[in-house]
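As structure tokens, the structure follows; a few thoughts come after it.
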Amino acid sequence: MDVTSILDQLNVAQQEAVTSDRRSVLVLAGAGSGKTRVLVHRIAWKIQVDSISPYAILAVTFTNKSSREMRERIDQLLGMSLRGMWVGTFHGLAHRLLKAHWREAGLRENFQILDSDDQLRLVKRLMKTLDLDEARWPPRQAQWWINNQKDEGLRAAHIQETGDLQLTTMLRIYREYEANCAQLGVIDFAELLLRALDLWRQYADILDHYQARFKHILVDEFQDTNAVQYAWLRLLAGNKCQVTAVGDDDQSIYGWRGAKVENILSYERDFEATHVIRLEQNYRSTSNILCAANAVIEKNSERLGKKLWTEAGEGEPIALYAAFNEHDEARYIADRLHQWVSEGQRRDAAAILYRSNAQSRVLEAALLQADIPYRIYGGQRFYERLEIKNALAYLRVMLNVNDDTAFERVVNIPPRGIGERTIDAIRQHARQSETSLWAASEAIVSSQSMAGRARNALASFLQLINKMSQGLESTTLIEQAETAIQQSGLIELYRREKGERGRARIENLEELVAACSNFQAEVSDEPALPQFLDQVALDAGDRQAGEDQDAVQLMTLHSAKGLEFPLVFIAGVEENLFPHKMSLDEPGRLEEERRLAYVGITRAMQKLYLTFAECRTIYGSESYNSISRFVRDIPSEVIEEVRIHNTVARPTSYAKSTMHSDTGEATGFGLGQQIRHPIYGEGVILNFEGIGPRARVHVQFEQVGIKILILASAKLTAA
DNA sequence: AAGGCAAATGTTTTT
DNA sequence: CATTTGCCTT
């Protein structure tokens, strides 16, 4: 095999990282420095040069997406499929371990994964049985607290009572929660990791087996590991295995969910003979963009230190646009995108990034109006949608009627007369006789111990499920899915739901059937359904169809990590929004916001726009924020202000000062004229702004209030 | 038990 | 502002 081809296209630092044979390697990979490439090439190097069997390699990532990408790229580089190599997410690998050693891990063979939605439902229910006031102790907070403890590796038994009421209450819930999970045979995401760690701690022989197997471990996004994941890695690595960790302390943006940047620092101490390599040459952005990124991140104190550089030229300056309000901001972005497309550029080469999802609405409206196709990332994932979760729950009950979590979800969806009181009675019966809800229901139905109407409803539900699960072994996954959505009445329920929503839900259910037909079972001689359900629990399916359409990408700064775009807009660079006001009190959280800014800036390859609004409507009321401190940290030499604006103090003075600033001559319209818009209906022209193709018109619509429209693209007609 | 209305409540997200 | 939750009525 040609060894040079592995090193050919790599720079010196990258080569060093790929070929190092020290016991442990730490690659501090700046944004756009070819981090994934180093990982992939290092694996290829291990296999081809060091003759390590793929069977002895373990590669860990955080998301399913990056794990798929890594596998693809290795296949591509080596021109063969690497059977036997373990590539997966921490959770996926933990699941695999627990499936193999379920008995030792203290689990049932068919244990189910409890996702955050079901977890919250469970916590809520437990709190009710503990008679805790939901107003005083928000269930979400309890859920969050429990997950936090687990992320730190703490079970309820490990936590000391201090007499603090908050702690005592949370502990009570935690204990109850643990007991219930055990009884239900479910484990949550954090438990997956913790349980896998405990498995190795308790069974030396099992740990020995995996230590003997894995000669090389590679970890991506190391700055995102939490305490349990770190401990798990250390244990597996033992004292023979070679470990490669790749990460960037400057891109640690998940501290709020348990990630510990400190793990990067501890690494040198805990893992033997560490070879630290910095990848600082950036292959993505212009030097102006890197200058801005470096300037922003330099203000952080807790850094390992790294400075990005590039051989690329200065490029264009970073554009800064001061908008009057969020509508103006969105309009400006749509306008720039319009120009970008008219220059023959692809829309999917452009991204609009924002701090919080709420910002996307206005942007969407502007893009819709400007006729620019867009796609929103994030938000709700496919398998998390209500209708999909319901359909999956039917499948779970069909597979195993004793799956209480799924039973609870579908017992009264669609509404069939089994209300809260009836369900309470079933729960109580189940608890007393220590059986599942299904068995309790059967007992209630046959013992006549319930009022007629409720009992009939329950009896017909049991009958329905029995019918649905009949002949399950002899049907295909697609047929099973069809059964779950048709016979359950789900399709009918959503068909009756009016408006866009119901239609979208039906479409999603059809999409689910399509997903079933595409599903490739890992173990082909075993039933597909349980495998499908497991996969779905671990991979929420990041997006829906429409992937290949040429559309502008909209997403939060968080979900942009790992991506790159020639053209990037960061919208809403304002104090209180970005940095978010929730992060202002704690210095640590502010530093994380700063890293988020760094992540955002470094997504841009050619051109970066920063926009902010002087006045923004948040939750219905107007607020005035000053420009973000992060923007002020960028040297003015690389910034170009698009418009020098007058300081606007109040909305009234803004309205007055811009009113009648233009008379709209040569537009075919006049001030005060009645007009009609294809979408917004009838309105009155209040004001004109600017001239030429970018001229805007302010219109007071009867239905939707004041809108600022681009005269050239808004198809206005005289009314 | 279910549907309708007023009141509350609003970061970031993967598994 | 818009969506979700809780209470109240049918």
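In what follows, chains are A, B, ... by sequence order, proteins preceding strands, each numbered from 1.
- Taking the ring axis of A/F630 as reference, the NZ or CZ atom of A/K299 does not stay both within 45° of it and closer than 6.0 Å to the ring centre.
- The main-chain N or O of A/E574 is never found under 3.5 Å from a side-chain atom of A/N625 such that the two would form a donor-acceptor pair.
- Between A/G419 and A/L538, the one whose closest nucleotide on DNA chain B sits nearer the 5' end is A/G419.
- The residue A/D188 sits apart from the nucleic acid: no heavy atom pair falls under 4.0 Å.
- In the set C/dT3, C/dC1, B/dA2, the nucleotide with an atom closest to the side chain of A/Y619 is C/dC1.
- Using atom C1' as the reference point in both C/dT5 and B/dT12, the two lie 23 Å apart (nearest Å).
- A/E592 comes within 4.0 angstrom of no nucleic acid atom, judged by non-hydrogen atoms across all strands.
- In this structure, A/D403 contributes its side chain and A/R396 its backbone to no donor-acceptor pair below 3.5 Å.
- Under a cutoff of 6.0 Å and an axis angle of 45°, A/R589 and A/W256 do not form a cation-pi pair.
- Taking only side-chain nitrogens and oxygens, A/R496 never comes nearer than 4.0 Å to OP1 or OP2 of B/dG3.
- Comparing atom distances between the A/E134 side chain and each of C/dG6, B/dT11, B/dT15 picks out C/dG6 as nearest.
- One interatomic measurement links the two molecules: CG of A/L577 to P of B/dT12, which rounds to 10 Å at whole-angstrom precision.
- The ring of A/F90 has its center no closer than 6.0 angstrom to the ring center of A/Y230.
- Side-chain atoms of A/H91 lie closest to B/dT15 of the nucleotides B/dT13, C/dT3, B/dT15.
- A/Q143 places a side-chain N or O within donor-acceptor distance of the main-chain N or O of A/S116, the cut-off being under 3.5 Å.
- Among the atoms of the strands shown, base atoms are found under 4.0 Å from some heavy atom of A/E384.
- Put simply, the side chain of A/N412 gets close to the backbone of A/R416: a donor and an acceptor are under 3.5 Å apart.
- Computed from coordinates, the A/R355 CZ to B/dG10 P distance equals 16 Å when rounded to whole Å.
- When distances are taken from the side chain of A/M582 to each of B/dT15, B/dT11, B/dT13, the shortest belongs to B/dT11.
- Among B/dT12, B/dG10, B/dA1, the nucleotide with an atom closest to any side-chain atom of A/N357 is B/dT12.
- Summary of the strand contacts: A/L596 and A/R416 both lie near DNA chain B, and taking for each the nucleotide with the nearest heavy atom, the more 5' one is attributed to A/R416.
- The distance between atom CG of A/L353 and atom P of B/dT11, rounded to the nearest whole Å, is 19 Å.
- Following rounding to the nearest Å, A/Q359 (CD) and C/dA2 (C1') show an atom-to-atom distance of 16 Å.
- Contact annotation: A/S621 side-chain N/O to C/dC1 OP1/OP2 distance is not under 4.0 Å.
- Side-chain N/O atoms of A/N412 include none lying less than 4.0 angstrom from OP1 or OP2 on B/dA1.
- The nearest whole Å value for the distance from the CD1 atom in A/I187 to the P atom in B/dT15 is 16 Å.
- The phosphate of B/dA1 has OP1 or OP2 within less than 4.0 Å of a side-chain N or O from A/T422.
- Whole-Å rounding puts the A/M555 CE to B/dT11 C1' distance at 18 Å.
- Atoms CD (A/E575) and C1' (B/dT11) sit 16 Å apart, rounded to a whole Å.
- For B/dT15, its base sits under 3.5 Å from the side chain of A/S116 at one donor and acceptor pair at least.
- In this structure, A/D133 places its CG atom 11 Å from P of C/dG6, rounding to the nearest Å.
- Looking at heavy-atom distances under 4.0 Å, A/F90 makes no contact with the nucleic acid at all.
- A syn base is found at B/dT11: its glycosidic angle is within 90° of 0.
- Residue contacts for A/T617: at a heavy-atom cut-off of 4.0 Å it reaches no nucleic acid atom on any strand shown.
- For the pair A/W256 and B/dT12, the ring geometry qualifies as stacking, because the centroid separation is below 5.5 Å while the planes lie within an angle under 30°.
- Here B/dT15 is the nucleotide among B/dT11, B/dT15, B/dT13 with the atom lying nearest to any side-chain atom of A/T89.
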